Each structure stands twice: as structure tokens, then as C-alpha cells.
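Keep in mind that what you see is a predicted model, and the values were worked out from it rather than measured. All residue numbers refer to positions in the sequence shown, counting from 1.
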Amino acid sequence: MPRIIAARRTAVVPRGGKFALLEPHNLARPVIEACLADAALDASDVGELILSNALGGGGNPARIAALAAGLPERVAGLSIDRQCAGGLDAILLAHALIDAGMHEVVIAGGAESYSRRPLRSRTFADGRPPVRYDQARFTPWAERDPDMAKAADILARTLDLTQDTQDAWAQRSHARARGHADKRQAEIVPVEGVTEDAFTRDLTDRHCQRAKTVTGSITAANMAVAADAAAFVVVVSDRVATRLQKGGMTLAQGVTLGATPDQPGLAPVPAIREVLRRQGLQPNDLQRAEIMEAFAVQALACVTNAQLEPDIVNPAGGALAQGHPVGASGAILAVKLFHALRMGDGPALAAIAAAGGLGTAALFEAVDPD
């Protein structure tokens, strides 16, 4: 069974902060180098690099990152875009490539720069001037392709989750993150002198009350801030893990499923249920869960509808206390689990929603060195 033997990330920094001048490959390079050092592998051992990126200008950013990190020129680099879910999906794909015997060492994760994202415009064949847009299309139907914040507000009203309830979850996220700041040092690779997540703060009732309203009950306090970051893991075959005598973390089960595109916040729920079903587990069998907090209401909805025990969810805080570097966010969940699990721990869950009504869920377990 493939094994994750190293996992690192940058700090998460809100857009316009200290990572504002860095392209995605500049964020990726030091993380990839740190992962290889942790794994006791050389760049020449790597067969493939899979990089999730949702906001870039196209091309193949994985290839650019591979070259920037000094990987062999034969490493072609595979870029994927499944929006918020892409970083976790990259890790699932790395396991599949190794299971299929195509590679023995794959680096997988994501890198995103909200600060350096290009401007987007639609062009027209009839000579009309280009029209700027921000959110890409995720369905063929405009009436079923909601703005993410508006969809979150509709979900809050549907589930009767008040702004106070959402704010309380956000405060919980910040408080837990602040309480675990020292434990995150093993996860974070210093970049531009930044060694801790820049957004985490003492979020008080007063802050929440004064936060800018985005729409309805959704405010700047209970939705994740746009951010820059990179996160990667090293996935290797059994043979390589045995040679290196490395423990780490295995993927017990993983799946990405589509759900109703109108309500992406609920999309992780069927994926969570499916991975648990495949493993013959119940929600109370989980020891830990990292659930993406793009919005407080989305995390609350997943916890309630998937019947997760709230105490095990995001025990060191989540994206509300860090930020949301879209293509890297799913990989950050896996990095956090890698450093939290101890030998024999598990199963542990990572789950994330994505625009268009997509949900990815993965179950991981810690393993001893062979």
C-alpha cells in the first residue's frame, strides 16, 4: 500500500501580505525541497509532481514548480484544477499512480497565490470589448451556479444557523489555532521569514459584531479570507518505504463525488458517508477530522449532517483562523493530519467542498516503520 512519508506546508498568509510577490512555483519550491529532505530522498528519486492550482493563468504550473525545485527534467509535472478540492485530490491521484505501478515516488499537493492571480475576461467574436469576471462558471445553468457566499447564506437560512452560531464556530477556530501555534512548527516551512499562519487572532464578540457583512449572515468573520500558501506530501511505494524504514500515514479510502451544484457547502457529506461505508465504519469510529472551513456554516452543516463528533473536528483550528488558498487548502488538511497522527492512530478524516457541488473525503491511518 502506498505511504505518505513526509508532509509540509508554508504558513497561510492573506492575499496582499508577505507572500504577495511570490508566484505559485516560488511558494511550492521550498516546500518540495523540505519534503524531500524529511523523506531522505533525492530529487532524482521523484517520478511525478502533481500540483493543484485553481486561480492561475493556465499552462502547466506543476512543470514550472518541478523545474524550480530542481527535480529532474524527466518529471513532466501534472497540474489539476478541481478548485478547493484539488489539493486533496492530488494526493488521492498520487496514491492511484503508485498503486498502478506507474511511479514509486510522487510529490502531491497544491500551491495558490490569490495575490498574483491574473485578471479574467470573456471575449466575444462580434467585436464587443472583453468583460471582466471573477468567479468561473461551474455549471451550464446560470440559475444553478451561485456565488459562493450567497450559497452559504442560503444554506444558513435553510438549516436555521444564525450569524451568532456561525460566529461562535469562527471564534472556536481561532481559539484552537492560537492554542496549538507551537505544535504547527513541524508543519511549516519558513518562507519570506514567515513561520506561522498570519491571520490567526483573538477573535472576540466585538470583532464579530463589527465585521463587514458580505451577504445576509455571512461576514468577514465567519468566512475564510483569501490567502496564499503551498502544501505538499511525499507518497511512496511499499518498496521505497521499506528501504527507507519510514513510517507515516496511509490512505485507507478516498473519494470525490458530485452533489447538487446549487449547494456546494453540503457536497462533502455524501463523500464522507461513502468512505465510511466502504471501510465499514461509523462516524464515532473516527479519532480526528479536518473539515474545510471555507465558511463556518459549511463546516457546521458537514459536522451535523455527517454526524461527526464536534470535539474531534479541527482540534487545532481550521481555515477560518488561517485563510483559504484555494488549490492548496485540501493538501493542508492532509499535512495537518500527518503531523497530528501518532503510530497506530486512526482512522482520521479529511474532507473538503468545492464549487460546482463537489466533495472530497479521505480516510488516513498512521503506520509504523517496516
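- Here the side chain of Arg8 pairs a donor or acceptor atom with the backbone of Ala186 at under 3.5 angstrom.
- Other residues, nucleotides and ligands contribute over 12 non-hydrogen atoms within 6.0 Å of the CZ atom of Arg74.
- Between the side chains of Asn284 and Gln307, not a single donor N or O lies within less than 3.5 Å of an accepting N or O.
- Judged purely by atom type and a 3.5 angstrom limit, Glu112 uses its side chain to pair as donor or acceptor with the backbone of Leu55.
- Judged by distance alone, with hydrogens and angles left aside, the side-chain atoms of Asp38 form no donor-acceptor pair with the main-chain N or O of Ala6 at under 3.5 Å.
- For the residue pair Thr162 and Asp164, no side-chain donor N or O sits within less than 3.5 Å of a side-chain acceptor on the partner.
- Screening Lys336, Arg9, Lys18, Arg178 against Asp197 for a salt bridge (charged side-chain N to carboxylate O under 4.0 Å, His left out) leaves a single residue, Arg9.
- A donor-acceptor pair under 3.5 Å links the side-chain atoms of His339 to the main chain of Ala7, judged by distance alone.
- Proximity of a side-chain donor or acceptor of Gln263 to a complementary backbone N or O of Gly357 within less than 3.5 Å is not detected.
- Checking side-chain atoms of His207 against main-chain N and O of Leu203 turns up no donor-acceptor pair under 3.5 Å.
- Using modelled atom types, one finds no donor on one side chain facing an acceptor on the other under 3.5 Å when comparing Ser217 with Gln163.
- Of the possible polar contacts, one joining the Gln298 side chain to the Met292 backbone as a donor-acceptor pair under 3.5 Å is found.
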Check the pair Thr215 / Asp153 against side-chain hydrogen bond (donor to acceptor under 3.5 Å, both in side chains), numbers first and verdict last. CA-CA 7 Å; Thr215 182; Asp153 183 52; 4.5 Å; no
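- Side-chain contact, Ser79 with Asn53: no donor N or O sits under 3.5 Å from an acceptor N or O.
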For Glu290 and Asn314, what are the C-alpha separation, side-chain angles and deciding distance, and is it a side-chain contact (heavy atoms from CB on, under 4.5 Å)? CA-CA 5 Å; Glu290 294 291 336; Asn314 301 353; 3.5 Å; yes
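- No option in Thr250, Leu333, Ile4 other than Ile4 meets the side-chain contact (heavy atoms from CB on, under 4.5 Å) test with Phe364.
- Between Phe199 and His174, the distance from one ring center to the other falls under 6.0 angstrom.
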Before you tell me yes or no, could you show the steps for Gln171 and Asp205 under side-chain hydrogen bond (donor to acceptor under 3.5 Å, both in side chains), namely the whole-Å CA-CA distance, both residues' side-chain angles and the distance that decides it to 0.1 Å? CA-CA 8 Å; Gln171 289 175 298; Asp205 289 338; 3.0 Å; yes
